[in-house]
A.B. asks: 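Below are the structure tokens for one structure; questions will follow.
Here the structure is a predicted model, which means the values were calculated and not measured. Each chain gets a letter, A, B and so on, in the order the sequences are listed, and its residues count up from 1.
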Amino acid sequence: MGKILYTNIDDIITGGRIVETEAYSWKERGSHAYKGKTNRNAVMFNQGGIAYVYLCYGIHHLFNVVTNHMDVADAVLIRALEPIVGIEQMKKRRGKITNEFQLTSGPGKLSKAMGIDRNLNGKSLLESEVWIEDDGASLSSKKIVASKRIGIDYAGEDALLPWRFTIKDSLWISST
DNA sequence: GCAATGATTTACT
DNA sequence: GTAAATCATTGCC
């Protein structure tokens with residue numbers, strides 16, 4: 001949370017501060033890894049520090065960061081970020097938009113703005129075209145708000161877990 | 001091999 | 001507020 005996510009796609013760098021995330025664990029039904037290891041989610045069973053990119057609903061790419069170690073399929077979904085680098089490029093990729101706050105205020109939109117697609121699946125966040133930096137900005141824990149996750153009502157009780165984290169006062173947080 | 005469905009977004013009623 | 005778009009992965013035949 002609060003760190004900067006960069007991508008370098010087509011020789012164009014875009015980046016932004018992470019302002020909204022959701023945690024996923026193989027232990028709960030919201031995660032793709034819940035049912036066990038499959039071809040799609042095999043990336044999550046790898047060592048942390050790599051990207052897990054998944055195409056959802058045939059249209060939208062979702063960008064996750066694998067966080068745990070081998071055989072422990074935990075990941076963090078990046079739901080929204082605050083555009084910092086390459087905003088013009090993001091607008092170009094997204095086409096006509098009503099306002100800047102909608103550039104990256106959602107997992108599918110964010111991925112499109114950043115140029116993320118399945119080619120990044122399984123890439124290391126340390127030595128590839130996608131990486132995360134810490135700019136040293138202080139982020140008080142008081143500015144982080146936990147709430148229940150979105151879009152996984154099918155997960156039953158697990159959908160109520162307060163595993164969605166947002167930065168208070170950020171304007172780029174998804175609401176729909 | 002074929003039918004069902006989803007970590008969503010967008011448009012329309 | 002509800003429904004459609006759209007395709008990779010999944011599950012069952």
A.B. asks: Is it true that A:Ser31 and A:Ser25 share a donor-acceptor pair across their side chains at a distance under 3.5 Å?
C.D. replies: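 Per modelled atom types, A:Ser25 and A:Ser31 side chains form no pair under 3.5 Å.
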A.B. asks: With rounding to whole Å, what would you report as the distance between C:dG1 and B:dA7 at their C1' atoms?
C.D. replies: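 Looking at atom C1' only, C:dG1 and B:dA7 are 23 Å apart.
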A.B. asks: I'd like to compare against my own output: the B/S/- annotation of nucleotides 1-13 of chain C with a strict under-4.0 Å heavy-atom distance to protein.
C.D. replies: ----BBBSSS---
A.B. asks: Using a heavy-atom cut-off of under 4.0 Å over every strand shown, decide if A:Gly30 touches base, sugar-phosphate, or nothing.
C.D. replies: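 The residue A:Gly30 makes base contact.
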A.B. asks: Hey, does the side chain of A:Asp10 reach the backbone of A:Ile12 with a donor-acceptor pair shorter than 3.5 angstrom?
C.D. replies: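 No, the answer is negative, given that no donor and acceptor are paired below the 3.5 Å cut-off.
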A.B. asks: Verify the neighbour count for atom CG of A:Asn39: are there more than 12 heavy atoms of other residues, nucleotides or ligands below 6.0 Å?
C.D. replies: no
A.B. asks: Would you call B:dA7 syn or anti, using the 90° rule around 0?
C.D. replies: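 Glycosidic conformation of B:dA7: syn.
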A.B. asks: Over 60° means perpendicular and under 30° means parallel, so classify the ring planes of A:Trp131 and A:Tyr6, tilted if in between.
C.D. replies: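 Plane angle under 30°, so parallel.
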A.B. asks: Going 5' to 3' along DNA chain B, which are the first and last nucleotides with any atom under 4.0 Å from a heavy atom of chain A?
C.D. replies: B:dG6 to B:dT10
A.B. asks: Considering every strand and a 4.0 Å limit on heavy-atom distances, what is the contact class for A:Ile152: base, sugar-phosphate, or nothing?
C.D. replies: sugar-phosphate
A.B. asks: Assigning hydrophobic clusters by single linkage (Ile, Leu, Val, Met, Phe, Trp, Tyr; side-chain heavy-atom cutoff under 4.5 Å), is A:Tyr54 placed with A:Trp26?
C.D. replies: no
A.B. asks: So, the side chain of A:Arg149 versus the backbone of A:Arg164: is there a donor-acceptor pair under 3.5 Å, distance only?
C.D. replies: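 Checked: no pair found.
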A.B. asks: Are any non-hydrogen side-chain atoms of A:Thr14 and A:Val85 less than 4.5 angstrom apart?
C.D. replies: no
A.B. asks: So which heavy atom on A:Ala146 is nearest to which on A:Phe165, and how close?
C.D. replies: CB-CE2, 3.7 Å
A.B. asks: Both distances under 3.5 Å, Watson-Crick or G-U wobble: on that basis, could you give the dot-bracket string for DNA chain B, with [ ] for crossing pairs and | for other-strand partners?
C.D. replies: ||||||.|||||.
A.B. asks: State plainly whether the residues A:Glu157 and A:Arg29 are in salt-bridge range, i.e. N to O under 4.0 Å.
C.D. replies: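 Salt bridge flag = no for A:Arg29 with A:Glu157.
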A.B. asks: Taking A:Asp134 for the side chain and A:Gly2 for the main chain, is one N or O donor matched with an acceptor at less than 3.5 Å?
C.D. replies: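 Between the backbone of A:Gly2 and the side chain of A:Asp134 there is no qualifying donor-acceptor contact (under 3.5 Å).
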A.B. asks: At under 4.0 Å between heavy atoms, what does A:Tyr52 touch on the DNA or RNA strands: base, sugar-phosphate, or nothing?
C.D. replies: base
A.B. asks: Any side-chain to backbone donor/acceptor pair from A:Thr104 onto A:Leu81? Under 3.5 Å, distance only.
C.D. replies: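 Flag set: sc A:Thr104 to bb A:Leu81 pair under 3.5 Å.
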A.B. asks: Does A:Tyr24 reach a base, just sugar-phosphate, or nothing at all? Heavy atoms under 4.0 Å.
C.D. replies: base
A.B. asks: What's the gap between B:dC2 and C:dT6 when it is taken at their P atoms, as a whole Å value?
C.D. replies: 22 Å
A.B. asks: What contact category does A:Arg164 fall into here, base, sugar-phosphate, or nothing, at under 4.0 angstrom with non-hydrogen atoms?
C.D. replies: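 Touches nothing.
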